[in-house]
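Just so it is clear, the model here is predicted, and its values are computed rather than measured. Order of appearance sets the numbers: ligands from 1, and atoms from 1 within every ligand.
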Amino acid sequence: MPATRRQFLGLTAAAGLSLVTGCSGRRPSATGPSSAGGLRLTAAPVRVDLAGRAVPTWGYGTVPGPEIRLRAGETLRVRLHNELPEDTTVHWHGLAPPNGMDGVPGITQDPVTPGTGFTYEFRTPIAGSFMYHAHVGMQLDRGLYGPLVVEPRREELSYDREYTLMLDDWRDGLDDHAGHGARDDAGHGTAAADPDPVDAVSFGGRSYPLLLVNGRPPEDPPVLEARPGDRVRLRVMNIAADTGFRFAVAGHRLTVTHADGMPVEPVVVDALRLGMGERYDVLVDAGQPGGVWQVGVQSEGRGGWGRALLRYAGSQASGAPAVAERPAELDGRLVSYEELVAQEPLSLPAGEPDRRYDLTLSGTQIGGQSYPDADPLVVTEGQWVRFTMRNTSAKWHPMHLHGHHFQVLTASGRGPVKDTVAVPARGGEVTFDFLATNPGRWLFHCHNHHHMEDGMLRLVEYEPRP
Ligand code: C2O
Ligand code: CU
């Protein structure tokens, strides 16, 4: 199977970057990786094993792709090689590299054509939980994504082990198998009909039969190991194209420590809600005497179910909860932006923003314009810029800004620093501030990839200094 060889090649790491597969139970190493050498990512057709079914897709060797780990201040150096039949690029979601390394074809770089490559290289001064993914058309909707963790120089949190969980909605390769049965019978895992036909067109008439956690369907879930008394760090990431998620661990509460990789004052909640592109780091105290506990992942606003398992050392796998058993915590206290307080707020000057944009969001437009028939949102280097978004549509829109971190405006005046923020449907409003300190042309778009393809994208463009 060519996929096997490619899988192997996709994982080739030279000395330097430490490379851990999607779901590691290890603590960051004491010495840590160095920035020497580099990593090779090969974008190519692969097969994923979905509970015994080999499904064709595109990926970086595995789905998710290899976890890239480095330490704050080091240099990310990745050689992308394109073995796909079409152009591709890699975007480093949540990082703020120089514009030329941002991975947007036709805007920040030439597309990487089939059979060729491109080397991404830039310093990563800021620690956090990030993601990388293809940024051409709907490629992200296949398996072209992976986690990227930048460890701090000195870890402030204390914990015993950590896992990265990438949540995804999946349809790729299942098209030919319409009505393949088992999942519908089980009464879960099937995306229900869109409950809200108003902008159903944005879904392209597609449904997502499966929700995956680290590339695994609910029948074959990833298993997180813990000993009683352990403190476990979870980096939860939503890489779906079209699905917001609710996330909870049965029998355990979640202490939120980071939003989109940036530290917040710890908040204890029962459940997370993640728009596409958002990440939360949480600590889970393994306070139960033992057992196997459901880590439940539910689609927001429609059917669909995914899961992982939290297994205490020595507990019988036979004690695992049924596939569809739903943690009651999913209906408990939800994380909200209002409650999140940045530990490291942006250093905004006193006074008022230098430039403001008020932007209405519909399923196809931002500020009344649909890309590519859209004007750039112009900023000047050094400015304090404020975006206010009002969602007039019936779908929520997780809005993502490339190349910058922004601060969400909340009552505390110290809202979370993020790069993706979900604007609630039907009149929801969110305001954020950012400092224009990274010149170039940057995307600002809805991270629902169908909405983005339908035109919910604008360029943020730096004008030359007067
Ligand atoms: Cu996750 Cu335009 O990106
Ligand atoms: Cu949207």
Is it true that [Y] and [X] share a donor-acceptor pair across their side chains at a distance under 3.5 Å?
X: Glu67; Y: Thr164; value: yes
X: Asp102; Y: His91; value: yes
X: Tyr208; Y: Asp141; value: yes

Plane angle bin for His135 and His402 - parallel if under 30°, tilted between 30 and 60°, otherwise perpendicular: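 Perpendicular, since the angle between the ring planes exceeds 60°.
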Partners meeting side-chain contact (heavy atoms from CB on, under 4.5 Å) with Asp354 (sequence neighbours left out):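 Counting only residues at least two positions away or on another chain, Asp354 forms a side-chain contact (heavy atoms from CB on, under 4.5 Å) with Gln383, Trp384.
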Count of N, O or S atoms belonging to protein, less than 2.8 Å from atom 2 (Cu) of ligand 1: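 Counting protein N, O and S atoms closer than 2.8 Å to atom 2 (Cu) of ligand 1 gives 3.
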May I have the list of side-chain donor-acceptor pairs in residues 338-346 shorter than 3.5 Å, sequence neighbours left out?
residue	atom	partner	partner atom	Å
Glu338	OE1	Ala411	N	3.2
Glu339	OE2	Arg333	NH2	2.1
Gln343	NE2	Val264	O	3.4

Approximate separation, where rounding is to 0.5 Å, of Phe387 CZ and Arg458 CZ: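 Those atoms lie 9.0 Å apart.
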Validation row, ring centre Phe434 to ring centre Phe406 under 6.0 Å: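 Between Phe434 and Phe406, the centre distance exceeds or equals 6.0 Å.
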Environment of the Cu ion (ligand 2) in terms of protein N/O/S atoms, cut-off under 2.8 Å: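 Hits for the Cu ion (ligand 2) below 2.8 Å: His397 ND1, Cys446 SG, His451 ND1.
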Evaluation steps, ring-ring contact (aromatic ring centres under 6.0 Å, His included), between His447 and His449: CA-CA 5 Å; His447 222 278; His449 269 241; 5.0 Å; yes
